[in-house]
Amino acid sequence: MAALDFLAFDLGAESGRALLGTLDQSRLTLEVKHRFANPTGRINGHLHWNLMGQWEDLKIGVRNTASASGGARGRNLAGIGVDTWGVDFGLISQTGEILGNPYHYRDTRTDGMIELACQRVGRERIFQDTGIQFMQLNTLFQVLAMHEAGSHALGAADTLLFMPDLFNYLFTGQRRSEFSIASTSQMLNPRHRTWASDLLEELGLPGHILPPIVSSGSVIGTIRADVAEECGIAADVPIIAPGCHDTASAVAAVPAEGSDNWCYISSGTWSLMGVELTAPIIDEKTLRYNYTNEGGVGGRIRLLKNIMGLWLVQECRREFAGGGHDHDYAELTTMAGDAEAFVAAIDPDYPPFLTPGDMPGKIERFCRETGQSAPTTPGSIIRTCLESLALTYRRTLDGLEDITGRQLEVIHIVGGGTQNELLNQMTADACGRSVIAGPVEATGIGNLLVQAMAIGAVKSLDELRGIVRNSFEVKRYSPSGDARWTRAYERYRELTAGR
């Protein structure tokens, strides 16, 4: 088979990239065609994404690809796929207009919405119908907040499209929702893989605006003629839904093989830690642990926990820079490595950590509330964040093993967070498990190879993972056996009990 070129767009909460992937037999190579920031802003007191800026950056990525080698590679693309973070969405009118900039999941309009929904229909009922972790940022609570506010945009909407579905709409004009991204909403029944219509009706929410659901690896349509002309690309290029939720694509690219004794951490702004299943686990234990059943590539279910992740470090860095100390991430990690160990521990699920602003101050507040001495230097603050993430991974691992009955021997870490070697080693030490870190670009790689599955160039998820192992290096970390981690975990469990 001749080599095939695919273009993947991977948009995260902090930045995005366009990756050109060339699949030649059983080897994939990557070329970055465009990198861009993904800024947010406030309009009328609410936090929004800049949809026009995002769309223009996607078109730049297509244009840069089309211009390579005089446009030949762009015109020979076998597919284009988009993945993004979960839960956020845009609203489309009956005549096709986009009704405003999408809200950001960290906007505070969802404050109190979990409590309101549970008061109306019950927490257990919501979980039984959706199998999803309760987080106020979930689409269900965003839509409920709009409904309670009497939103005219919600009233005028004909279709709700999650962020990658929205970009697919802009590329093709087709209104579809891919399974993995739809599953993040807490509005989908993972047992039946259909919208939880009865639940939405009882909450008074407009279920009729939810689009048809398609599987990962579905061809949504071909690129619109006007977009193709603007970007200098042929109009017959297919737009393919990969795992449109970035974690679904990242998990598809986990370079695991053989048994099911492994779990994954997709590490970035958020850390998503879980296992792969063939069917959801929706029971009292999963609800008590507040874990989630999300869709994956090939119809798999990702049983996982959403953890605040490197957002803690990103926000600390931003605060340090605002105070005149602009350190890059490598410098901060070095400073953390040199700082005193186990000064304090924090719970990434602490609600104030969700919103932007003064992360060091919020860490100090948590420490004060739990009777700890707070870290004071940048290195000590970052070390506290990283140690606490590793301890949270240990707590999450315990829960995964309890729910599934599996003994999980290996932790695969994929995504941008794999570049933080200090955190990788801390994870091995805290969990007492071998860690395999890499590839860094797992989300884009999964996106590209699921596109290849869609056109039959890759036959299965096992074959996909074999290509990943054949194409990209990983790094292994072994637990050090340092007994201080056991004591730190006991202390962490006491500090976070009941939270």
Side-chain angles (χ1 to χ4, degrees), residues 13 106 108 111 134-137 265 267-271 273 289-290 305-327 329 331-399 417 420 422-431 482-499:
R106 296 191 192 275
T108 58
D111 289 353
F134 282 82
M135 303 179 75
Q136 71 178 60
L137 52 81
I265 301 173
S267 180
T269 299
W270 288 87
S271 290
M273 184 174 186
Y289 279 116
N290 199 24
K305 177 80 169 179
N306 286 279
I307 302 164
M308 201 68 72
L310 290 169
W311 163 256
L312 301 169
V313 174
Q314 293 166 1
E315 281 295 284
C316 285
R317 178 182 179 235
R318 190 163 69 88
E319 196 69 21
F320 298 153
H325 303 284
D326 192 3
H327 305 287
Y329 290 122
E331 291 173 334
L332 288 174
T333 302
T334 298
M335 293 162 67
D338 293 337
E340 181 182 353
F342 307 117
V343 168
I346 61 174
D347 184 356
D349 289 337
Y350 182 56
F353 291 157
L354 177 65
T355 54
D358 192 20
M359 189 62 71
K362 293 173 184 177
I363 290 170
E364 180 182 2
R365 174 180 160 190
F366 179 91
C367 291
R368 185 171 62 250
E369 290 178 359
T370 53
Q372 303 180 85
S373 297
T376 56
T377 66
S380 184
I381 292 169
I382 298 301
R383 187 177 187 103
T384 295
C385 292
L386 298 180
E387 288 176 348
S388 299
L389 278 177
L391 293 168
T392 304
Y393 298 157
R394 166 68 184 275
R395 181 180 65 182
T396 305
L397 176 68
D398 289 348
N420 193 315
L422 179 60
L423 178 57
N424 295 340
Q425 185 61 56
M426 286 179 172
T427 301
D429 293 341
C431 296
D482 186 341
R484 292 182 300 169
W485 281 100
T486 300
R487 295 193 295 271
Y489 185 54
E490 292 170 356
R491 179 188 182 207
Y492 166 86
R493 292 301 300 263
E494 293 174 359
L495 292 171
T496 59
R499 288 186 175 271

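These values consider heavy atoms only, across backbone and side chains, with no hydrogens, waters or symmetry-generated copies.
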Taking Asp358's backbone N and O only, do any of them form a donor-acceptor pair with Glu315's side chain (distance below 3.5 Å, no angle check)?
no
Non-hydrogen atoms of Ile307 and Trp270 that approach each other most closely:
O-CE3, 3.2 Å
What pair of heavy atoms forms the shortest contact from Asp326 to Glu331, and how long is it?
O-OE1, 4.2 Å
What closest approach, in Å, do Ile381 and Pro360 show between heavy atoms, and which atom pair accounts for it?
CD1-CB, 4.1 Å
Rounded to the nearest 0.5 Å, how far apart are CD1 of Ile363 and CD1 of Ile346?
4.5 Å
Verdict with supporting geometry, Tyr393 and Asp398, side chain to side chain contact (heavy atoms under 4.5 Å, CB included):
CA-CA 9 Å; Tyr393 298 157; Asp398 289 348; over 6 Å; no
Of all the heavy-atom pairs spanning Ala345 and Ser388, show the shortest one and how long it is.
CA-OG, 3.5 Å
Quick one: side chain to side chain donor-acceptor pair (under 3.5 Å) partners of Tyr289, sequence neighbours excluded?
Asp402
Spell out, as yes or no, whether a donor-acceptor pair under 3.5 Å connects the side chain of Asn290 to the backbone of Phe134.
yes
Say whether, by atom type as modelled, one donor and one acceptor occur between the side chain of Thr377 and the main chain of Ser380 under 3.5 angstrom.
yes
Ignoring hydrogens and angles, tell me if any N or O in the side chain of Ser271 forms a donor-acceptor pair with the backbone of Ser267 under 3.5 Å.
no
Output for pair (Tyr489 OH, Thr496 OG1), nearest 0.5 Å, gives 8.0 Å
Can you list the residues that meet the ring pair (Phe, Tyr, Trp, His ring centres under 6.0 Å) rule with Phe342, with sequence neighbours excluded?
Trp485
Taking side chain as C-beta onward, heavy atoms only, is Leu312 less than 4.5 Å from Met359?
yes
Report the distance from atom CZ of Phe353 to atom CE of Met308, rounding to the nearest 0.5 Å.
8.0 Å
Does the pair Thr355 and Lys362 meet the rule for a side-chain hydrogen bond (donor to acceptor under 3.5 Å, both in side chains), with working shown?
CA-CA 10 Å; Thr355 54; Lys362 293 173 184 177; 3.3 Å; yes
Quick check: do Leu495 and Asp347 have side-chain heavy atoms less than 4.5 Å from each other?
no
Could you go step by step and tell me if Arg317 and Leu332 meet the side chain to side chain contact (heavy atoms under 4.5 Å, CB included) rule?
CA-CA 8 Å; Arg317 178 182 179 235; Leu332 288 174; 3.7 Å; yes
On a heavy-atom basis, which atom in Pro348 and which in Tyr492 lie closest, and how many Å separate them?
CD-OH, 4.4 Å
With sequence neighbours excluded, what pairs up with Arg491 under the salt bridge (charged side-chain N to carboxylate O under 4.0 Å, His left out) test?
none
Given 3.5 Å as the limit, does a donor-acceptor pair link the side chain of Arg395 with the main chain of Arg493, or not?
no
Validation row: Arg365, Pro352 side chains within 4.5 angstrom (heavy atoms):
yes
Separation between CZ of Arg383 and CG of Leu423, rounded to the nearest 0.5 Å:
11.5 Å
Should Gln314 and Tyr329 be marked as a side-chain hydrogen bond (donor to acceptor under 3.5 Å, both in side chains) after you check the CA-CA gap, both sets of side-chain angles, and the distance that decides it?
CA-CA 8 Å; Gln314 293 166 1; Tyr329 290 122; 4.6 Å; no
Results of salt bridge (charged side-chain N to carboxylate O under 4.0 Å, His left out) for Arg487 - residues two or more places apart only
none
Once you round to the nearest 0.5 Å, how far does SG of Cys316 lie from CH2 of Trp311?
10.5 Å
I'd like to check the side chain to side chain donor-acceptor pair (under 3.5 Å) partners of Arg484; sequence neighbours left out, ordered by chain and number.
Asp482
Looking at CD1 of Ile265 and CG of Leu389, how far apart are the two atoms once the value is rounded to the nearest 0.5 Å?
9.0 Å
Sequence neighbours left out, what passes salt bridge (charged side-chain N to carboxylate O under 4.0 Å, His left out) with Glu364? Give chain and number order.
none
Return the minimal non-hydrogen interatomic distance between Leu422 and Gly337, and the atom names on each side.
CD2-N, 3.6 Å
Using side-chain contact (heavy atoms from CB on, under 4.5 Å) as the criterion, point out the one residue from Thr427, Thr396, Thr392 that pairs with Met273.
Thr396
